[in-house]
Amino acid sequence: MSGSRLPGTDVRLLHQSILAWYAAHSRPLPWRDPSCSPWGVLVSEVMAQQTPVSRVVPAWQDWMSRWPTPADLARESPGEVVRAWGRLGYPRRALRLRDAAIAIVERHDGEVPRDQSELRALPGIGDYTAAAVAAFAFGDRSVVVDTNVRRVQARVVSGLAQAAPSLTRAEVDLARELLPVVDHDAAVWNVAVMELGALVCTARAPRCGDCPVRARCAWVLAGSPAYDGPVRRGQKWHGTDRQVRGIIVQALREATGPVGRAALAPGRDEQQVDRCLAGLIEDGLVEPLSADRFALPGLVEASG
DNA sequence: TAACCGTGGTT
DNA sequence: TAACCAAGGTT
């Protein structure tokens, strides 16, 4: 084993400060309740993929009362699931969550697996979500690296204003080194660092005055220098296929029955609408009922 | 690897 | 107001 690669960083004090801060300031999110099932934790993690937690909370409540177990969701039609997903964004996540529920029923007897490689094998579950479910649903000592963890590490340990454009091996290694030795401590540490990143060490305007480790933050100690690394490419929105796909799926969510092509995305370029429609059908988000009738999948019997 | 995939709040 | 950003995953 190598020695500490964290010169100047007292990991013990970091643990103490951030765990104490979390105990005093954590949000009472419903999936953090000790009575929440592993399924509830898994659902919360998938919903929170690129969607702010504040918007996830009400959707999660509705979802869990409707489909309290994987078996409940596995029985549902894809269209109903996409409709219930509402406007959380990236509706393919809803389909994959349903597919994950089906896989859990088929491969794991209806119980969310605890093993990270088994979690990772479920549709829509990547490295982050597998580690998060292992930690937060089962209390395991997994290496959880999300955008919050990356930013906190970049500042507190590396002295940089923000993390690199994409996840690096070094960031995962660092997160592993920072992990407390005891399982339960590690699980709480993971959520505590995420919470610090979400509430205090934020991307835009960090609240350094409220930070429990500001006295030992490498970035603050360096004078909070501006980021000078590679810039990540911003995502276009207006006029993109993503925007038109969103318009089409929302039209189908709001409709009580099949919708004609012209009513899916009025005023939009017809070629673009056709292209998006083909993509949505390919993705399983739209079902063509006839040459010019479309609906969310599995809601009505195909005809004509 | 980098592009793609929704949505709405914040700055 | 336009750009940025959010508990990422897939191809």
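Naming convention: chains lettered A, B, ... in sequence-line order (proteins, then strands); numbering from 1 in each chain.
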Pair A:Arg120 + A:Asp115: basic N to acidic O under 4.0 Å: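 No, this pair does not count.
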State whether A:Arg216 and A:Asp10 are salt-bridged, where the test is any N-O pair (Lys NZ or Arg NE/NH1/NH2 against Asp/Glu carboxylate O) under 4.0 Å.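 No, no charged N to carboxylate O under 4.0 Å.
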Give every donor-acceptor pair under 3.5 Å between a side-chain atom in residues 78-89 of chain A and any protein atom, sequence neighbours left out.
residue	atom	partner	partner atom	Å
A:Glu80	OE1	A:Arg66	NH2	2.8
A:Arg83	NE	A:Arg253	O	2.9
A:Arg83	NH2	A:Leu252	O	3.1
A:Arg83	NH2	A:Arg253	O	3.4
A:Arg83	NH2	A:Ala255	O	2.8
A:Trp85	NE1	A:Gly89	O	2.9
A:Arg87	NH1	A:Gln250	OE1	3.1

Given the [atom1] atoms of [N] and [M], what is the spacing between them in whole Å?
| N | M | atom1 | answer |
| --- | --- | --- | --- |
| C:dA6 | B:dT1 | C1' | 23 Å |
| C:dT11 | B:dG6 | P | 14 Å |
| C:dA7 | B:dA2 | P | 24 Å |

When you check the phosphate oxygens OP1 and OP2 of C:dT10, does a side-chain N or O of A:Arg96 lie under 4.0 Å from one of them?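 No, no such contact exists.
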Which string of ( ) [ ] | and . matches DNA chain C, if you list each base 5' to 3' and count Watson-Crick or G-U pairs only when both distances are under 3.5 Å? .|||||.||||
Atom CD of A:Gln49 and atom CD1 of A:Ile125: how far apart are they, to the nearest 0.5 Å?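 Answer for the CD-CD1 pair, A:Gln49 versus A:Ile125, is 6.5 Å.
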May I ask you to list the residues of [range], by number, that have any heavy atom positioned under 4.0 Å from an atom of DNA chain C?
| range | answer |
| --- | --- |
| residues 127-156 of chain A | A:Asp127, A:Tyr128, A:Thr129, A:Asp146, A:Thr147, A:Asn148, A:Arg151 |
| residues 31-38 of chain A | A:Trp31, A:Arg32 |
| residues 71-83 of chain A | none |

Would you say A:Asp72's side chain and A:Thr69's backbone share a donor-acceptor pair under 3.5 angstrom?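 Yes, because the side chain of A:Asp72 sits within donor-acceptor range (under 3.5 Å) of the backbone of A:Thr69.
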Check the distance between [N]'s [atom2] and [X]'s [atom1] and give it to me in whole angstrom.
| X | N | atom1 | atom2 | value |
| --- | --- | --- | --- | --- |
| A:Leu97 | C:dG8 | CG | C1' | 14 Å |
| A:Glu195 | C:dA6 | CD | C1' | 14 Å |
| A:Arg232 | B:dT1 | CZ | C1' | 16 Å |

For residues 200-214 of chain A, which side-chain N or O atoms pair as donor and acceptor with protein atoms under 3.5 Å away, sequence neighbours left out?
residue	atom	partner	partner atom	Å
A:Thr202	OG1	A:Ala205	O	3.2
A:Arg207	NH1	A:Leu199	O	3.4
A:Arg214	NH1	A:Cys211	O	2.6

List in chain and number order the residues that pass salt bridge (charged side-chain N to carboxylate O under 4.0 Å, His left out) with A:Glu195, two or more places apart in sequence or in another chain; answer none if no residue qualifies.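 Listed in chain order: A:Arg27, A:Arg32.
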Salt bridge (charged side-chain N to carboxylate O under 4.0 Å, His left out) against A:Arg155, all qualifying residues, sequence neighbours excluded: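 For A:Arg155, no residue satisfies salt bridge (charged side-chain N to carboxylate O under 4.0 Å, His left out) once neighbours in sequence are set aside.
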Per-nt protein contacts along nucleotides 4-11 of chain B (heavy atom under 4.0 Å; B base, S backbone sugar-phosphate only, - none) come out as -BBBS--S
Quick one: do A:Ser142 and A:Asp140 satisfy side chain to side chain donor-acceptor pair (under 3.5 Å)? Show the steps, please. CA-CA 6 Å; A:Ser142 58; A:Asp140 289 344; over 6 Å; no
Within a 6.0 Å radius of atom CD on A:Gln61, are there more than 12 heavy atoms belonging to other residues, nucleotides or ligands?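 Enclosed: over 12 neighbouring heavy atoms sit under 6.0 Å from CD of A:Gln61.
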Pairs of donor and acceptor atoms involving the side chains of residues 95-110 of chain A, under 3.5 Å and at least two apart or interchain, shall be tabulated with distances.
residue	atom	partner	partner atom	Å
A:Arg98	NE	A:Glu76	O	2.6
A:Arg98	NH2	A:Glu76	O	3.2
A:Arg107	NH2	A:Ala121	O	3.4

Not counting sequence neighbours, list each pair that qualifies as a ring pair (Phe, Tyr, Trp, His ring centres under 6.0 Å) and has a residue in residues 174-221 of chain A.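 Only A:His15-A:Trp189 qualify under ring pair (Phe, Tyr, Trp, His ring centres under 6.0 Å).
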Can you give me every donor-acceptor pair (side chain of residues 223-233 of chain A, partner residue at least two apart or in another chain, under 3.5 Å) with its distance?
residue	atom	partner	partner atom	Å
A:Tyr227	OH	A:Pro230	O	2.9

